[in-house]
Amino acid sequence: MEGPSIVIATEEFKPFLNTRTKTGPVKGQKLVRTRSWGKHFILEFEKTMLRIHFLMFGSYRIDNPRENRTPKMVLTFPKGTVYFYSCAIKEIETLENYDWSVDTMSPKWSTPKAVRTLKKLPNEMVCDVLMNQDIFAGVGNIIKNEVQFRQRLHPETKLDQLTDKQIKALVADTRAYCLLFYKWKKANVLKRNWQIMRKRKCPLCGGPVTKKHTGKLQRISHWCRRDQPLNRSLIRSPRPGKQTKHPRSRPRESPALTAAP
DNA sequence: CAAATTGTTTAGCT
DNA sequence: CAGCTAAACAATTT
């Protein structure tokens, strides 16, 4: 479960706020507030805070338990019962460790901060930084792949191959796509809007989608070799100082070149 | 239907 | 100690 889904969870818990659960490790306590930070779902009870991580396969159900599955936790509120499955539940003492400015779904998210962070990591690949929860908390493999495609970036592009403008666009679009993911998920049209994730053909050129483990994290990336070429920035917009005397790309409008005998 | 997958932590190595 | 890899965990989808 990625960040936007956790925000939706906080909303789905609103009916249970300020009421007590009759079951679970926090039996008898009132639910005071729910929060999300990246992929963390935080339930604040009167005396106890629970941090829930759904990892890859976790889920929750409200008033509709799964058959033949033992929930990890059940919370029974006056207005409904919530069942949690295959998730990691941890009691936490404080929120001090959370930096909300790196949470891609938070109102406190800071694009300039992420840009500054990326500029300090010239040797990191796009696919690795996008999944880094200290930089883009809440981004998972789906968001990673879709943002790479939207920005026409090869997953294995090293950050020092990007112009400042491209770094800025990457960060800003990651945030923008997280908000879109949220909106589309709520409207039940998320998968319909995937452009590259689990697709066989590139929606732009119709070419095959490459699927390969990429980066240090070795999670699968889905990308188009034609529309997300490696080192695109060097070809299309060389950085000052890296320009050679024999640029690879000719100016587009130059009648002399085609008119010559 | 075997394989992949919306993910992270930890142990154990070099 | 840093950096890495494999293992463990878990359940649905293709």
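As the structure is a prediction and not an experimental result, all values here were calculated from the model. Below, read A as the first sequence line, B as the second, and so on, with proteins coming before strands; counting in each chain starts at 1.
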Closest to the [X] side chain: [options]?
X      : options              : answer
A:M56  : B:dT5, B:dT8, C:dA11 : B:dT5
A:H222 : B:dG7, C:dT12, B:dT5 : B:dT5
A:H53  : B:dG7, C:dT12, B:dT5 : B:dG7
A:K216 : B:dT6, B:dT8, C:dC4  : C:dC4

Send over the distance from [X] [atom1] to [N] [atom2], rounded to a whole Å.
X      : N     : atom1 : atom2 : answer
A:E2   : B:dT8 : CD    : C1'   : 14 Å
A:K39  : B:dT5 : NZ    : C1'   : 13 Å
A:M1   : B:dT6 : CE    : P     : 14 Å
A:H213 : C:dA6 : NE2   : P     : 12 Å
A:F181 : B:dT6 : CZ    : C1'   : 7 Å
A:F41  : B:dG7 : CZ    : P     : 18 Å
A:L55  : C:dC9 : CG    : P     : 14 Å
A:N141 : B:dT6 : CG    : C1'   : 8 Å

Fill in: A:R175 NZ/CZ over A:Y177 ring centroid, <6.0 Å and within 45° of normal
no
Practice prompt. Report yes or no: is the cationic atom of A:R66 (NZ for Lys, CZ for Arg) under 6.0 Å from the centre of the six-membered ring of A:Y85, at an angle within 45° of the ring normal?
Written response: yes
Worksheet item: So, A:S5 versus A:K185: side-chain donor-acceptor pair below 3.5 Å or not?
Response: yes
Worksheet item: Can you name the one residue among A:L130, A:L121, A:V102 that meets side-chain contact (heavy atoms from CB on, under 4.5 Å) with A:I135?
Response: A:L121
Worksheet entry | N or O in side chain of A:R69 less than 4.0 angstrom from C:dA10 OP1/OP2 | no
Worksheet item: Distance check: side-chain N/O of A:R219 vs OP1/OP2 of B:dG7, anything under 4.0 Å?
Response: yes
Worksheet item: Cluster partners of A:M131, using ILVMFWY side-chain heavy atoms under 4.5 angstrom, listed by chain and number?
Response: A:L217
Fill in: A:R35 side, atom CZ; A:I6 side, atom CD1 - distance, nearest 0.5 Å
15.5 Å
Fill in: Spacing of the C1' atoms in C:dC4 and B:dT6 (rounded, Å)
25 Å
Worksheet item: If the C1' atom of B:dC1 is compared with that of C:dA11, how far apart are they to the nearest Å?
Response: 16 Å
Discussion item. Regarding A:I143, tell me which of base, sugar-phosphate or nothing describes its non-hydrogen contacts under 4.0 Å with the strands shown.
Written reply: nothing
Discussion item. Under 4.0 Å, counting only non-hydrogen atoms across every strand here, what does A:Q133 touch: a base, just sugar-phosphate, or nothing?
Written reply: sugar-phosphate
Worksheet item: Within a strict 4.5 Å, meaning less than it, do heavy atoms of the A:R150 and A:Q195 side chains meet?
Response: yes
Worksheet item: Are the charged groups of A:E2 and A:K39 less than 4.0 angstrom apart, N to O?
Response: no
Discussion item. Heavy-atom nearest nucleotide on DNA chain B for A:R51 versus A:N145: which residue maps closer to 5'?
Written reply: A:N145
Item to complete: For DNA chain B, find the residues of residues 184-198 of chain A with a heavy-atom distance under 4.0 Å and give them by number; none if there aren't any.
Response: A:M197, A:R198
Practice prompt. Verify, without hydrogens or angle tests, whether A:H222 (side chain) and A:R198 (backbone) share a donor-acceptor contact under 3.5 angstrom.
Written response: yes
Practice prompt. May I ask you to decide if A:I142's main-chain N or O and A:E146's side chain share a donor-acceptor pair within less than 3.5 Å?
Written response: no
Item to complete: Specify the residue among A:Q218 and A:F57 whose closest nucleotide of DNA chain C lies further upstream toward the 5′ end.
Response: A:Q218
Discussion item. Please convert DNA chain C into dot-bracket. A pair counts if it is Watson-Crick or G-U wobble with both distances under 3.5 Å; crossing pairs go in [ ] and bases paired with another strand get |.
Written reply: .||||||||.||||
